[in-house]
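Only a predicted model underlies this, so the values are computations on that prediction, with no experimental measurement involved.
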Amino acid sequence: MKPMRIKQVLAREAAGGDVMIQGWIRTKRDSKGFSFLEINDGSMMANIQVVADEKLANYASEIVPLTTGASVAIEGTLVDSPGKGQKYEIHAERIMVFGGADAASYPLQKKRHSFEFLRTIAHLRPRTNTFGAIARVRSGLSFAIHQFFRDRGFVYVHTPIITASDCEGAGEMFKVTTLDLANVPRTPNGAIDFEQDFFGKPANLTVSGQLEGEIFATALSNIYTFGPTFRAENSNTARHLAEFWMIEPEMAFCDLDGDMDLAEAFLQETIQYLFDHHMEDLEFFNQRIDTTVLETLHNIVDNPFERLSYTDAMAILVKHNDEFEYKVQWGSDIQTEHERHLSETVFKKPVIVTDYPKSIKAFYMKLNGDDRTVRAMDILAPRIGEIIGGSQREDDIATLERRMREFNLDPKDYWWYLDLRRYGSVPHSGFGLGFERMLLLVTGMTNIRDVIPFPRTPKNAEF
RNA sequence: UCCCCGAUAGCUCAAUCGGUAGAGCGAGCGGCUGUUAACCGCUAGGUUCAAGGUUCGAGUCCUUGUCGGGGAGCCA
């Protein structure tokens, strides 16, 4: 018999007929003369209940000793369940045991475990309800993102993970080398001789694909990247990872308004996809993880985001300075407590703050006519804080070179980036979105280490 | 990296002023039962994170370290 996924079995219109399923035992209850097995195969949140009668040939020898975590295949008849809690159940005619799971040592028992503990057994935590749901939603959201861009004619560009261009700017980078660290070659004056290294010069893991993204946007018009990104910052928070996945669209012939329109549609449509395809998992999160998740997500999908300038945001924040630990004035950075005040207290929905002072933003952002602010935008989500950061890019070569010097950057190091402005320069814009931050938003999970399969953080690269 | 808090049974936690290390869940055994976080009874289970110090005596106090949590910075 051909095995089916449990999701397909439970989606059947009516009981009746033979089925075969394969999966892992979540829990087992023994009755007089028969046992209830609950099987999960990861295709959906729900388990399927299997009734195993003592008349089965291997009942006493193999089925009674089964415990949580064991792997089995079940052949039997799908029948309406007389019990409460499930529509159908399988009356087993044959049960094959693939592998047992010693109950005395198997760490996942049928009880609640803390997320901290589950992080120490990352090889087994996908077998729990919560992490199974996260894995499905993560996969679904990833698909929705590709679909969103594809529907709009965006080209998916694979930007490099190793970069030797030494011009990515912000953020501590991981070094990539094949040099023998116990015996590093030196030049006559004592410096490390990178000419002997694999790339002949220092190389690092990427902190952003944006600059390379701009190359392809100024040829293919609309592109996006979606790949791993690395930051060697010693950040110990629930919102930072050393290895995370980032989505970075870049659009030619597009100003900041178009950039914001895309970002807003992006969040709304990809969340709508989850409503349409992953509602069972979202309801689980709403029930067990955070009872406000669905309300928050509907609020995002149903309402236009609030858009206001940095100057207007400051005018609001200054009035509440007595409530803040860090007082603000025009020119201050917007910190976590201020972000939350805007998105959670004032507007109660995502807020897009635009036109920041040039001194607190990157050199490549388009300078406004006032010479004080740049065409930057950050989207602040309730509970998450900054989820998207973007800008219109400076497309005037003279202004860009001047801005580089203001940041003590040598334009010569950016020769190819400047070439994009030298030849056929166009207004263009883009943004970066942290994939795991969006997963926090849609699942209600609070620690970013729990929405990526294998988190990499300072002092932790297990599994 | 900074501030605060924590680390005790497989897991989640308790242990009063420094004085014999406890519970629930889980596990093992037995019972009961179309059960579903099943239920009832019994049993086992400990280098109290590590190293050092104070003390007649340290889970408890002190120092250093490791790891974790909350907050901050950096950012996505």
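Among the heavy atoms of the strands, none lies under 4.0 Å from Asn47(A). At the heavy-atom level, Gln86(A) lies under 4.0 Å from base atoms of the strands shown. The residue Gly83(A) sits close to a base: some heavy atom pair falls under 4.0 Å. The residue Ile247(A) sits apart from the nucleic acid: no heavy atom pair falls under 4.0 Å. At the heavy-atom level, Pro107(A) lies nowhere under 4.0 Å from the strands shown. Across all strands shown, Gln210(A) has no heavy atoms under 4.0 Å from either base or sugar-phosphate atoms. Base engagement by Glu38(A) is indicated by at least one non-hydrogen atom pair under 4.0 Å involving a base atom. Tyr106(A) comes within contact range of no nucleotide atom at all, as no heavy-atom separation falls under 4.0 Å. Ser81(A) comes within 4.0 angstrom of a base, heavy atoms only.
When Watson-Crick and G-U wobble pairs are counted only if both distances are under 3.5 Å, G57(B) pairs with no nucleotide at all. G52(B) and C62(B) make up a base pair, with Watson-Crick or G-U wobble contacts both under 3.5 Å. Under the Watson-Crick or G-U wobble criterion, with both distances below 3.5 Å, U47(B) is left unpaired in every strand shown. Pair assignment for G22(B): C13(B), on the basis of Watson-Crick or G-U wobble contacts that are both within less than 3.5 Å. Under the Watson-Crick or G-U wobble criterion, with both distances below 3.5 Å, G68(B) is paired with C5(B). The nucleotide G34(B) finds no pairing partner, because no Watson-Crick or G-U wobble arrangement with both distances shorter than 3.5 Å includes it.
Spacing between atom CZ of Phe226(A) and atom P of A76(B) amounts to 16 Å, rounded to whole angstrom units. What separates CG of Leu124(A) from C1' of G10(B) is a distance of 13 Å, to the nearest Å. Separating the CZ atom of Arg26(A) from the P atom of U35(B) is a distance of 23 Å, rounded to the nearest angstrom. Rounded to whole Å, the distance from CD on Glu339(A) to C1' on G71(B) is 15 Å. In this structure, OH of Tyr88(A) is placed 22 Å from P of U35(B), rounded to the nearest angstrom. Nucleotide U35(B) holds its P atom 10 Å from the CZ atom of Arg29(A), rounded to whole Å. Look at CZ on Phe115(A): it is 13 Å from P on U12(B), rounded to the nearest Å. To the nearest angstrom, P of U36(B) lies 13 Å from CG of Asp30(A).
Of the candidate nucleotides C74(B), A76(B), G34(B), G34(B) has the atom nearest to the side chain of Phe34(A). You'll find that the side chain of Val51(A) is closest to G34(B), out of G34(B), C74(B), C11(B). Taking every side-chain heavy atom of Gln49(A) into account, U36(B) is the closest of C74(B), U36(B), A27(B). Of the candidate nucleotides A76(B), G73(B), G34(B), G73(B) has the atom lying nearest to any side-chain atom of Thr237(A). Checking G34(B), C75(B), A76(B) against every side-chain atom of Phe244(A), the shortest atom distance belongs to A76(B). Closest to the side chain of Arg437(A), from the set A27(B), A76(B), A38(B), is A76(B).
Lys361(A) has no carboxylate O lying under 4.0 Å from a charged side-chain N of Asp333(A), or vice versa, which leaves the two without a salt bridge. Ion pairing between a basic and an acidic side chain is recognised when a charged N comes within 4.0 Å of a carboxylate O; Glu406(A) and Arg403(A) show such pairing. A salt bridge links Asp290(A) with Arg383(A): at least one charged nitrogen is closer than 4.0 Å to a carboxylate oxygen.
Scanning all heavy atoms of the two residues, the minimum distance from Pro382(A) to Leu441(A) falls at O-CD1, 4.2 Å.
The gap from the P atom of C49(B) to that of U36(B) amounts to 38 Å, rounded to the nearest Å. To the nearest whole angstrom, the two C1' atoms, one in A15(B) and one in A21(B), are 8 Å apart. Here the separation of A44(B) from C62(B), taken at their C1' atoms, is 37 Å to the nearest Å. Only the P atoms considered, A14(B) is 38 Å distant from C75(B), to the nearest whole Å. Nucleotides C17(B) and C13(B), compared at atom C1', are 23 Å apart to the nearest Å. Spacing of C1' atoms, G45(B) relative to C5(B), comes out at 30 Å, to the nearest Å. Comparing the C1' positions of G24(B) and A9(B) gives an interatomic distance of 12 Å, to the nearest angstrom. Distance check on atom C1': C74(B) versus G59(B) gives 38 Å, rounded to whole Å.
For the 3.5 Å distance criterion, the side chains of Asp30(A) and Ser35(A) qualify, holding a donor opposite an acceptor. Ser61(A) and Asn58(A) share no side-chain donor-acceptor pair at under 3.5 Å. In summary, the side chains of Asn204(A) and Thr163(A) do not present any donor paired with an acceptor at a separation below 3.5 Å, with no hydrogens or angles considered. Between Glu214(A) and Gln210(A), the side chains place a donor N or O and an acceptor N or O closer than 3.5 Å (distance only, hydrogens not considered). Side chain to side chain, Glu89(A) and His91(A) meet the donor-acceptor criterion of an N or O pair below 3.5 Å.
In the interface, the side chain of His240(A) is paired with the base of C75(B) through a donor and an acceptor atom under 3.5 Å apart. A donor N or O paired with an acceptor N or O is found under 3.5 Å between the base of C74(B) and the side-chain atoms of Ser235(A). Between the side chain of Glu337(A) and the base of G71(B), no donor-acceptor pair under 3.5 Å is found.
Comparing Phe435(A) and Thr446(A), the nucleotide of RNA chain B nearest to each residue sits closer to the 5' end for Thr446(A). Along RNA chain B, the nucleotide closest to Gly85(A) and the one closest to Trp245(A) are compared, and the more 5′ of them pairs with Gly85(A).
You'll find the side chain of Thr68(A) stays beyond 4.5 Å of the side chain of Arg26(A), heavy atoms only.
Applying the 4.0 Å criterion to OP1 and OP2 of G73(B), one finds that Thr336(A) has a side-chain N or O inside that range. Proximity of Gln335(A) to the phosphate of G73(B): a side-chain N or O atom is located under 4.0 Å from OP1 or OP2. For U35(B), the OP1/OP2 oxygens have no side-chain nitrogen or oxygen of Ser31(A) closer than 4.0 Å.
Once the 5.5 Å centre distance and the 30° plane angle are applied, the aromatic ring of Phe36(A) is found not to be stacked with the base of G34(B).
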Hey, what are the protein-to-nucleotides 64-68 of chain B N/O distances that come in under 3.5 Å?
none

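Stacking of Arg152(A) on the aromatic ring of Phe148(A) is recorded, both the 6.0 Å distance cut-off and the 45° axial limit being met.
C32(B) shows a glycosidic angle more than 90° from 0 and is accordingly assigned anti.
Not counting sequence neighbours, Lys349(A) has no partner by the side chain to side chain donor-acceptor pair (under 3.5 Å) test.
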